[in-house]
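Reminder, nothing fancy here: chain letters follow the sequence lines and each chain counts from 1.
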Amino acid sequence: MPHIPSILTHFSPELILVVGMLLVLTYDLWVRGREGLQANLAIITTVLALVATLVLWVTMPGSHPVFEACGPGAKAGTCRPGAFISDDFTHFFRVLGLLGTLLVLISGQTYMRGRTAFKGEFYALVLSAVLAMNLMAGANDLIVIALAIEFLSITSYILTAFLRHDGLSIEGGLKYFLYGSITSAAMLFGMSYLLGIGGSTSVPALAAIARNPELAQVQGYANIMLPALALVLAGIAFKIALVPFHQWSPDAYQAAPTPVTAFLSVGPKAAGFAVLIRLFVGSFSSLSASWLGTMGLLCLLSMVVGNVAALTQGNVKRMMAYSSIAQAGYMLLGVVSLGGKTLMGLDSVGAVLFFILTYVFTNLGAFAVIIAVEQATGSAELGAYRGLMRRSPLLAVSLVVFFLSLVGVPPLAGFVAKFAVFGAAVTGGQVPLAVVGVLTGVVSVVYYFGVVREMFFGASEEGQPGPIRVGMGTTFVVLVALLMTLVVGLWPEPFITLANNVAHSIAPALQAAGGH
Amino acid sequence: MSVPPGHFMALSAILFSIGVLGVLLRRNVIIVLMSVELMLNAVNLTWIAAGRALGDIDSHIFVFFSLTVAAAEVAVGLALVVAIYRSLGRTDVDDISMLNG
């Protein structure tokens with residue numbers, strides 16, 4: 001029998017999110033038609049869930065399986081491993097997801113205020129998207145992985161198409177939906193073959209079969225495992241927006257309300273990497289010889305296509321879509337550098353986690369500026385940034401810092417992150433990919449500089465537009481992101497130690513794989 | 001006189017491929033949605049066949065979840081199609097091309 005109280009404890013961040021979501025919806029019915037505090041309720045819920053996660057992380061370290069079953073239903077004498085695992089790795093991604101959402105909610109609430117009458121639905125959907133991300137972070141069973149990914153996808157489709165009187169928003173949502181439903185069908189198809197081979201939906205049980213094909217239920221079918229895993233990889237790569245599963249992302253990013261774009265650029269990506277790392281590095285590392293090539297190809301394509309396609313974009317949200325595809329390519333570079341060691345003994349998974357940590361803050365900082373500019377000028381086209389330095393020095397200078405960090409210029413956080421990932425790639429036997437990464441990183445300077453040139457040197461034709469009033473929320477988010485970008489860049493040791501500890505918590509198998 | 005699991009697997013692979021072809025070849029969004037549903041149901045068939053062959057209850061439970069998810073997904077999809085029909089007056093995937101680049 002599962003212990004009910006322990007489920008309540010280890011699920012407390014998720015339970016808080018569910019309660020908060022229902023409260024937001026109920027409150028919305030209550031104040032229907034009047035100004036309300038839905039955004040504040042959502043922010044409070046997120047903060048509470050964040051606190052609960054931190055308390056869990058500090059007071060209950062180690063790995064805690066939830067929904068473990070040793071009852072009569074489980075196979076003779078063995079316990080079924082937990083369908084959800086609450087460990088350091090889960091906590092890390094919970095904290096990143098919740099922090100990211102918090103920053104999005106704070107910087108985006110004035111943006112949403114004038115654009116939709118359905119505030120309750122919007123904030124409830126954002127909260128349920130975070131809930132889905134938390135579930136993805138700890139999913140340890142094919143059923144939970146599939147349901148969490150579908151949950152996040154369906155909420156993201158609605159959020160993208162949220163401005164339903166705006167044809168563009170609907171079109172972006174529909175494209176996202178069509179690509180998404182096809183890849184998720186493919187992913188479910190792959191999972192059904194994994195079940196057929198392994199006779200279980202539990203990831204640890206499948207991992208045992210991957211290590212020892214003799215255990216497979218259907219003899220001779222073990223070589224179906226690789227195509228099945230490839231289909232699952234396609235489903236995850238779609239959530240992360242890796243080339244060639246990226247076609248939806250520029251359209252959805254451009255069309256979605258900008259706070260949603262900010263959310264999509266960090267949330268699903270981080271959660272997708274959580275599943276990817278837990279599944280492939282944590283559980284199927286014994287098959288790494290087979291999936292490394294495929295992932296290496298995705299990594300190469302993402303870095304090249306992302307950085308090259310961003311060069312010709314005239315819309316900054318669309319440019320950021322390609323830029324985030326390229327950044328995902330760099331993160332994947334860390335995943336394929338199995339066994340690589342880098343800065344301060346950080347291993348390759350630790351390097352990915354560290355990269356994601358810096359990416360969340362830098363990218364959300366950049367998006368806070370993009371939201372503020374769109375609010376002031378009504379546009380996310382390149383021309384809207386003309387003379388921004390004169391109109392708002394804070395926004396202009398911080399956007400430059402965020403772009404420099406995304407390029408990877410010392411002493412900013414992005415530099416340490418890229419250094420860590422490239423170091424892992426060189427020591428992990430992926431030298432050609434690391435070279436491509438450095439070269440495409442140089443290309444990325446060009447498109448980021450296009451925006452910077454407009455802000456500093458662009459002459460305005462239509463007179464002198466006045467200064468931009470920057471709201472409190474935006475200022476707060478920009479300052480927090482600036483602080484993190486500088487602190488992580490100048491004083492990375494505690495963050496590297498954190499990433500390393502988290503990486504060690506999921507990958508005992510990785511240590512073995514790194515040994516040979 | 002039971003049907004061997006391989007037959008079910010083959011049937012579901014064929015259904016899945018028909019769904020993929022429908023998605024790739026048809027231009028009407030509604031037909032594309034139907035093709036996606038066909039893909040999802042092919043997957044359900046695989047789950048049931050595998051679960052039956054292995055005597056595993058988890059996969060049968062999964063199908064219930066999968067059906068629910070497919071229903072939620074198609075609800076969102078149809079809502080999007082209705083919204084796009086209102087703004088464009090057509091539901092052809094080729095006409096939905098304001099975003100480009």
Checklist line | Proximity of residues 184-194 of chain A to chain B, residues having a non-hydrogen atom under 4.5 angstrom | finding: A:Ser184, A:Ala185, A:Ala186, A:Leu188, A:Phe189, A:Met191, A:Ser192, A:Tyr193

Next item on the list: May I ask you to list the residues in residues 22-32 of chain B that approach chain A closer than 4.5 angstrom, counting heavy atoms only, ordered by number?
Entry: B:Val23, B:Val29, B:Val32

Next item on the list: Under 4.5 Å heavy-atom distance to chain B, tell me which part of A:Ala146 shows up: side chain, backbone, both or neither.
Entry: side chain

Margin query: On a heavy-atom basis, which atom in B:Ala50 and which in A:Gly196 lie closest, and how many Å separate them?
Written below: CB-CA, 4.0 Å

Next item on the list: Search all heavy atoms of B:Asp58 against all heavy atoms of A:Ile143 and return the closest pair with its distance.
Entry: O-CD1, 3.9 Å

Euclidean distance, [Y] [atom2] relative to [X] [atom1], rounded to 0.5 Å:
X	Y	atom1	atom2	value
A:Arg164	B:Arg86	CZ	CZ	7.0 Å
B:Ile84	A:Ile170	CD1	CD1	6.5 Å
A:Leu195	B:Leu54	CG	CG	6.0 Å
B:Ser87	A:Leu168	OG	CG	9.0 Å
B:Met39	A:Thr183	CE	OG1	8.5 Å
B:Glu73	A:Tyr157	CD	OH	5.0 Å

Item checked: Results of side chain to side chain donor-acceptor pair (under 3.5 Å) for A:Tyr447 - residues two or more places apart only -> A:Asn307

Check: What pairs meet the ring pair (Phe, Tyr, Trp, His ring centres under 6.0 Å) rule with one or both residues in residues 21-48 of chain B, with sequence neighbours excluded?
Finding: B:Trp47-B:Phe62

Next item on the list: Please tell me if the side chains of B:Val81 and A:Phe177 come closer than 4.5 Å, counting only heavy atoms from C-beta onward.
Entry: no

Margin query: Side chains of B:Phe65 and A:Glu150, heavy atoms from C-beta outward: is any pair under 4.5 Å?
Written below: no

Margin query: So for B:Ile61, is it side chain, backbone, both, or neither that comes closer than 4.5 Å to the heavy atoms of chain A?
Written below: neither

